[in-house]
Engineer: 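Here it is: the structure, laid out below.
Model, not experiment: these values are computed from the prediction. All heavy atoms count here, side chains included; hydrogens, waters and symmetry mates do not.
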Amino acid sequence: MADIRIVHTSNLHLGRRFPDFDRDTEELRIQDTVNVFHDLAGYVIKNEVSLLLIAGDLFDKANPKRETISKVLSVFGEIHRNLPDTRIIITPGREELVMKNDGELECTLNFFEHLSYVKVIGGAKRPESVRYEFGDTPIVISSCRADLLSEKSAALRKIPH
């Protein structure tokens, strides 16, 4: 059985602004965040990670700037070029769920849909799962929106809390 390496991270908040900082400090902090994201990709590639799981708040707001999205797509592409069998799973955080006019939540991470190696789960009304085979070992990752575990919601579903 081959080793399966998983990297789990969350709360990257790419695209975050720091208005309380002076201009130079803000730019330094923003660049630091981008550098850490690139370092994460380097780590994934160097260590031949099988699965990168980003559990919430990849972006700092529901509608990130195109520049921020482009940086993420570039980093994901770099991982895929170097490790074509590596999979990336993203679960939306609060910032990536938007309330629609009908009161339903909608996940704003749909710009990853065209990438076969990236899967977004956990933004639907019901828990979602994805199954991968790494060698002969199956891995199942499941996620649900945080509001599904609220006290009221849990009681309705008879989930102990």
Engineer: To the closest 0.5 Å, what do you measure between CD (Glu133) and CD1 (Ile4)?
Structural biologist: 9.0 Å
Engineer: For Val140 versus Ser129, what's the shortest heavy-atom pair and its separation?
Structural biologist: CG1-CB, 4.1 Å
Engineer: For residues 72-83, which side-chain donor-acceptor pairs fall under 3.5 Å, sequence neighbours excluded?
Structural biologist:
residue: Arg81; atom: NH1; partner: Gly77; partner atom: O; Å: 3.3
residue: Asn82; atom: ND2; partner: Glu78; partner atom: O; Å: 2.8

Engineer: Looking only at heavy atoms, which two atoms of Ala55 and Ser10 are closest? And how far apart?
Structural biologist: O-CB, 3.0 Å
Engineer: Between CD1 of Ile141 and CZ of Arg131, what distance do you get to the nearest 0.5 Å?
Structural biologist: 12.0 Å
Engineer: Do Leu40 and Ile6 share a hydrophobic cluster, counting only Ile, Leu, Val, Met, Phe, Trp and Tyr and linking them when any side-chain heavy atoms are less than 4.5 Å apart?
Structural biologist: no
Engineer: Say you draw a straight line from CZ of Arg5 to CG of Leu51; how long is it, rounded to the nearest 0.5 Å?
Structural biologist: 13.5 Å
Engineer: Counting distance only, does the side-chain N/O of Glu128 pair as donor-acceptor with the main-chain N or O of Ser143 below 3.5 Å?
Structural biologist: no
Engineer: Given side chain to side chain contact (heavy atoms under 4.5 Å, CB included), test Val118 with Phe111 step by step and report yes or no.
Structural biologist: CA-CA 10 Å; Val118 177; Phe111 40 81; over 6 Å; no
Engineer: Could you walk me through whether Ile89 and Ile121 satisfy the side chain to side chain contact (heavy atoms under 4.5 Å, CB included) test, starting with their C-alpha distance in whole Å, then the side-chain angles of each, then the deciding distance to 0.1 Å, before giving a yes or no?
Structural biologist: CA-CA 7 Å; Ile89 297 178; Ile121 63 171; 3.9 Å; yes
Engineer: Kindly work out whether a path of hydrophobic side-chain contacts (I/L/V/M/F/W/Y, heavy atoms less than 4.5 Å apart) joins Phe134 to Val7.
Structural biologist: no
Engineer: Are Glu27 and Asp24 close enough that some pair of their side-chain heavy atoms sits under 4.5 Å apart?
Structural biologist: no
Engineer: Which residue is it: Leu14, Asp60, Thr68? I am looking for the one with a side chain to side chain contact (heavy atoms under 4.5 Å, CB included) to Thr33.
Structural biologist: Leu14
Engineer: Test your reading of the model: is there a side-chain donor-acceptor pair from Thr91 to the backbone of Gly56, 3.5 Å cut-off?
Structural biologist: yes
Engineer: Go through the structure and list residues passing ring-ring contact (aromatic ring centres under 6.0 Å, His included) with Tyr43, not counting sequence neighbours.
Structural biologist: none
Engineer: Whether Lys71 and Glu67 form a salt bridge (side-chain N of Lys/Arg under 4.0 Å from carboxylate O of Asp/Glu) is what I want to check.
Structural biologist: yes
Engineer: Would you check if the side chain of Thr86 reaches a backbone N or O of Val49 as a donor-acceptor pair within less than 3.5 Å?
Structural biologist: yes
Engineer: Please tell me whether Leu53 and Val130 are part of a single hydrophobic cluster in this structure, the criterion being side-chain heavy atoms less than 4.5 Å apart.
Structural biologist: yes
Engineer: Is Arg87 reaching over with its side chain to a backbone N or O of Tyr132, donor-acceptor style, under 3.5 angstrom?
Structural biologist: no
Engineer: State yes or no: do Ile90 and Leu12 share one hydrophobic cluster built from I, L, V, M, F, W and Y residues joined by side-chain heavy-atom distances below 4.5 Å, directly or via other members?
Structural biologist: yes
Engineer: Shortest non-hydrogen contact from Asp3 to Ser50?
Structural biologist: O-OG, 4.2 Å
Engineer: About how many Å separate OH of Tyr117 and CG of Leu52, when rounded to the nearest 0.5 Å?
Structural biologist: 11.5 Å
Engineer: Cluster question for you: counting only ILVMFWY and a side-chain heavy-atom cut-off of under 4.5 Å, with indirect links fine, are Val44 and Ile88 together?
Structural biologist: yes
Engineer: Does anything in residues 41-52 pair up under salt bridge (Lys or Arg N to Asp or Glu O under 4.0 Å), and if so which pairs, sequence neighbours excluded?
Structural biologist: none
